[in-house]
Amino acid sequence: LDGWNCLNDLNCLNGGLFMPTDETRRLLKVFGVAVTAFEDAVDKEASPEERKKAETEVRTRLEEVAALIDRLRAREKS
């Protein structure tokens, strides 16, 4: 693959030549921030309301990531 590594499912699409768009990078960054915030809320034993809010954010971002994967799969089949 000419120096490309297939490190995860997104990079494995298109024979490992997937170059994430700015939107993909933004989405993954926001997802990572949400997961970290949820983890911090759990670790610091935040109030149930804070933990629920952080969990809801993670689930929302996870749905966005799943939608991205679906769009990429659809593009791969075309």
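How far CD of Glu39 is from NZ of Lys44: 13.0 Å, rounded to the nearest 0.5 Å.
Residues Glu64 and Arg61 are paired through a salt bridge, judged by an N-O separation under 4.0 Å between the basic side chain and the carboxylate. Between Lys53 and Glu57 there is no salt bridge, since no side-chain N of the basic residue sits under 4.0 Å from a carboxylate O of the acidic one.
Residues Leu72 and Leu27 fall within the same hydrophobic cluster, defined by Ile, Leu, Val, Met, Phe, Trp and Tyr side chains chained together at heavy-atom separations under 4.5 Å. Linking Ile, Leu, Val, Met, Phe, Trp and Tyr residues whenever their side-chain heavy atoms come within less than 4.5 Å places Phe38 and Val35 in a single cluster.
Within the 3.5 Å criterion, the main-chain N or O of Val42 finds no donor-acceptor partner in the side chain of Arg51.
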Could you give me the CA-CA distance, side-chain angles and deciding distance for Val30 and Arg26, then say whether side chain to side chain contact (heavy atoms under 4.5 Å, CB included) is met?
CA-CA 6 Å; Val30 171; Arg26 184 206 63 78; 3.6 Å; yes
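Environment of CZ in Arg59: sparse, with no more than 12 heavy atoms of neighbouring residues, nucleotides or ligands closer than 6.0 Å.
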